[in-house]
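Take a look at the structure below.
Just so we're clear, the structure is a prediction, and the values are computed from it rather than from any experiment. Proteins get letters first, then strands, A, B, ... in listed order; numbering begins at 1 in each.
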Amino acid sequence: MTFHPEIFLQQIINGLVLGSIYALVALGYTMVYGILGLINFAHGEVVMIGALTALSVILALHGAAPDLPAALFILAGTLVAIPVTMALGYTIERVAYRPLRNAPRLAPLITAIGVSIVLQNVALLVWGRSYRSWPPILPTTPHTILGANITDLQIFIVLAAAAIMAGLMLLVNKTKLGRAMRATAENPAVAGLMGVNVNVIISVTFVIGAALGAIAGVMVSANYQIAHYYMGFILGLKAFTAAVLGGIGNLAGAMLGGLLLGLIESLGAGYIGDLTGGFLGSHYQDVFAFFVLIVVLIFRPSGLVGERVAERA
Amino acid sequence: MSRLALLEARDVAKRFGGLQALADISLTISHGEIYGLIGPNGAGKTTFFNCLTGLYQVDEGRFLFDGAPLNVKAPYEVAARGIARTFQNIRLFANMTALENVMVGRHVRTRAGVFGAVLRTPGTLAEERAIHDRARELLRYVGLERRSDTLARNLPYGDQRRLEIARALATEPKLLALDEPAAGMNATETASLKALMERIRADGVTILLIEHDVKLVMNLCDRVAVLDYGRKIAEGPPAEVQKNAAVIEAYLGGSLA
Amino acid sequence: MLAALKKNPAAKWLGLALVVIALAVLPFAVEAGAGRSWVRIIDFALLYIMLALGLNIVVGFAGLLDLGYIAFYAVGAYMWALLASPHLSANFPAFAAMFPGGLHFPIWILIPMGALVAAIFGVLLGAPTLRLRGDYLAIVTLGFGEIIRIFLNNLNAPVNITNGPQGINKIDPFSIFGIPFNKPLSVFGFTVPSVALYYYLFLALTIVIIVITLRLEDSRIGRAWVAIREDEIAAKAMGINTRNVKLLAFAMGATFGGVAGGLFAGFQGFVSPESFTLMESIMVLAMVVLGGMGHIPGVVLGAVLLATLPEAIRYTVVPAQKMLFDRQIVDPESLRMLLFGLALILVMLYRPAGIWPSPVRKREFATAEKAGKLEPEQYPDRTEASEGARL
């Protein structure tokens, strides 16, 4: 086994791009969990709806005016997708979760699974069963750094994700709304007594998470140049894994978990064959991700950064 | 001391990060005693309970119970040795009936496994009948025989406290550790609780009691220890402890007297 | 009415006899009324009852949210497939030398083996998760389930153990006392079709599993499981060895899954990884929760409903569309799933404790609500966490 630094660097770049997307989706899971203690199983499907909506807009626009700059296509698609997913996130919370806040713990999990199945099949009816491809609008010539390739899109994804996450941290830590969110996460009953409208905060949390999901959806479909009604499932699973890896309920944890999971997957897929003497190939990529998750949780049950609620007993 | 020691704590210490929750606590509880553990909020009383019953690991020191060291690594072994407890914020099995709650208490004194249960062997059936009978008896003992089929969560507060005691007694403890059993009770309920505890002691069970109701402690306990900031600041018969200067100081202005 | 039945043993025996007769003639009645494919659907419903009862031990009794339960079904199915097909002999010279015609173990060995191997897997996968709570446990079990599926999908190279995505075929059909189940059986000139033979075998095993579950529920072990679900710390303080009792729940649950998986393999004659996806785990979980978690009749009902209703939709939607619009507008498979998803949401919104919760619980909840004693636990997870912290 010879070590090729340029291949290693390439895996790092791929991992960072993937990890940025995971982190954005993971934030949606972790924010909702932080406030409600609920796994919003349907979040992956919200991301999928965002991706497909944006792609539909881009395809329509491309059909009408194929010569516009790529950034404009993506911007238009994203700007349509964001309000769609926001409305969706709001509706999901109102219809499927809010009535169940007093119910047995598994009830909202089951409605979440129900919402997920419904969204998947609505998407199947609207967009069909086949993969939808992006039009050829993105520049494909990569930049070469030390032998590794990186495209404009990949640079954009990493930078945009970083900017969005920084913005979210500012929102949560520096604004009045953010303070209300943190208070609600700490103790909803007390926050309510202190004059925080808990229901509004919960809705806002869902809506912000959904907006991040739409952006992540555009990024992931642009990165792979396709979108598909089933894409949200595995993406959501990975992102949730990332959130747990970092310590669910913790924003910084979700970001760290997302990036780590991206890197682990990318490096794992690249090197798993060498590591196991050719016994396991790159199709074990997902095993690697889950395996790391399980090991982390067994040795650090509250995730890498730690949970929202310190567990003492 | 004339009577034999049932429980002996030797230099027990417990830290949470920088907080010294318990510092070198040593105390001895004799067979048949009602021993009170009092102190202001946050003094370390419940922490002491949790260390004793294996929910926390002690950092230093050890416990001797009934003449042998107590392995506080596994709470279930502590119960098997003969220490049962109740909790400050009641921890019943909320969606089980009162009877079922007490039957769970028999777990540690019974043996039936999967095969016995599935095959309904005569031994298992007899054991199951005995569990059932003993649980009913204990419900009667604490005065809950008419609530046996009520879910624990639907019992009134005072009954929940009694049920917790019945469940603890089902494990056949030598030492019953009660964490604020009278909290939230009115005078009548407290009086009948006091009678119950005296009866339990008369039936041969030693009691370790955390309680805030000073009157109850003074009337009921043979000896008390006072904790403050994780240290034992006084120990002795209630009447003596009541006059102790350090104790009065700890209770800020001597409201204890 | 039930009380009257209990007082009247004759009526009780008559009722039991009626149920037995109804269950005995069911496959023939269904075949006459709805066609043979429906008998097959009922066979599958029985397998799902076994699975749901197994998962109910883990989730319903012990309160351990397992999202990877289908892995045990897979383990049972693949074990059966390997031990009752030519696959191993075709791919490994060592096996070929010992068993030139392939492996063909009898059902008497395969069923207990499936139970045992699945139980071992239950303990192996359960052991690392013992310290984890609720949602963490869910995601780790989900991970285990996916890992097992991915391995099944890829273990065809470098050595071909599972034959990868193609799966293993030519699995022996059942045969008991030399009677093969894959052919109709003639008894005194009366023909019992193959699907009905499978029906009787599955029904017998389902009844065995129901009896086992009922007896476990009403036992020292069953009470210990529920105690852990209700309050693990209190259960420990009462002297319950929570580690062993949890492992026992994983093992028992896995056992039922393993048996059902083996039957599935023999019934289909073919297994492949795509039968063991996360969606299947979710389906079984939905059966348990929708039916009435922890309540055995409810779980059985949940399994029957979720195994048959979607099929009923499949069988009515296509003709209905043809009749109304003269062509197929909506893909029946996606409509089926759409309705399934909606049903999950609606049932949980209107009956969060399930369609058929335990009557004691139901009565008690009702009285508690009337008396206003139920504190609105608006954020159940939060209270749990803060209680833990206070302790």
Side-chain angles (χ1 to χ4, degrees), chain B residues 46-47 49-50 53-56 74-81 83-97 100-101 103-114 116-120 124 127-128 131 149-156 164 167-168 170-173 177, chain C residues 63 119 208-209 211-245 248-249 251-252 255 293-294 353 357-358 360-361 363-371 373-375 377 383 386-388 390-391:
Chain B
T46 297
T47 304
F49 260 41
N50 288 343
T53 52
L55 289 179
Y56 294 157
Y76 68 90
E77 284 178 15
V78 173
R81 283 288 300 278
I83 300 178
R85 70 171 291 179
T86 65
F87 294 87
Q88 187 179 343
N89 19 36
I90 305 171
R91 301 191 84 123
L92 286 165
F93 306 122
N95 289 304
M96 295 176 101
T97 64
E100 286 168 340
N101 267 275
M103 287 169 84
V104 171
R106 294 300 298 152
H107 184 92
V108 71
R109 301 291 167 217
T110 45
R111 293 273 71 88
V114 167
V118 169
L119 300 174
R120 295 242 159 126
T124 309
E127 185 184 280
E128 192 70 5
I131 292 172
D149 293 331
T150 308
L151 291 189
R153 64 184 301 157
N154 293 340
L155 286 171
E164 245 198 334
R167 185 181 68 178
T171 66
E172 291 172 22
Chain C
V208 168
I209 283 180
V211 169
I212 290 176
T213 319
L214 283 170
R215 290 187 164 188
L216 280 176
E217 183 188 28
D218 185 22
S219 77
R220 173 175 174 267
I221 302 295
R223 285 189 298 273
W225 283 334
V226 177
I228 289 176
R229 176 191 79 195
E230 292 293 314
D231 191 326
E232 191 170 340
I233 287 173
K236 274 186 196 162
M238 289 304 111
I240 293 173
N241 181 338
T242 51
R243 182 194 60 201
N244 289 0
V245 171
L248 195 57
M252 280 310 296
T255 300
M293 223 173 37
S358 135
V360 182
R361 314 275 179 266
R363 169 168 51 80
E364 287 285 327
F365 275 116
T367 50
E369 266 161 34
K370 225 180 281 164
K373 239 179 275 148
L374 266 190
E375 284 292 306
E377 280 181 51
T383 28
S386 55
E387 252 177 40
R390 237 181 285 137
L391 191 114

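- A salt bridge links E128(B) to R223(C): at least one charged side-chain nitrogen sits closer than 4.0 Å to a carboxylate oxygen.
- Between V108(B) and M238(C), every side-chain heavy-atom pair lies at or beyond the 4.5 Å cut-off.
- Counting heavy-atom pairs closer than 4.5 Å to chain C, the top residue among H107(B), E77(B), R106(B) is H107(B).
- Side-chain atoms of I240(C) and Y76(B), non-hydrogen and from C-beta on, never get closer than 4.5 Å to each other.
- Annotation: side chain of K236(C) is not in contact with side chain of T53(B) (no heavy-atom distance under 4.5 Å).
- Atoms CD1 and CZ, on I233(C) and R85(B) in that order, are 9.0 Å from each other to the nearest 0.5 Å.
- By number of non-hydrogen pairs under 4.5 angstrom with chain C, the leading residue of R120(B), R167(B), R81(B) is R120(B).
- Side chains of E230(C) and L92(B) form no contact here, defined as non-hydrogen atoms less than 4.5 Å apart.
- Considering all non-hydrogen atoms of both residues, A237(C) and A79(B) come closest at O-CB, 3.5 Å.
- Taking CG from N101(B) and CG from D231(C), the interatomic distance works out to 10.0 Å, rounded to the nearest 0.5 Å.
- Once rounded to the nearest 0.5 Å, the distance linking CD1 of I221(C) with OG1 of T110(B) reads 8.5 Å.
- Only the side chain of L248(C) comes within less than 4.5 Å of a heavy atom of chain B; its backbone N, CA, C and O stay farther away.
- Among T171(B), I131(B), L119(B), V114(B), the residue with the largest count of heavy-atom pairs under 4.5 Å with chain C is V114(B).
- Side-chain contact between R111(B) and R220(C) is present, with heavy atoms from C-beta onward closer than 4.5 Å.
- Scanning all heavy atoms of the two residues, the minimum distance from A234(C) to F93(B) falls at CB-CE2, 3.9 Å.
- Every salt bridge (charged side-chain N to carboxylate O under 4.0 Å, His left out) that E232(C) has, sequence neighbours left out, goes to K246(C).
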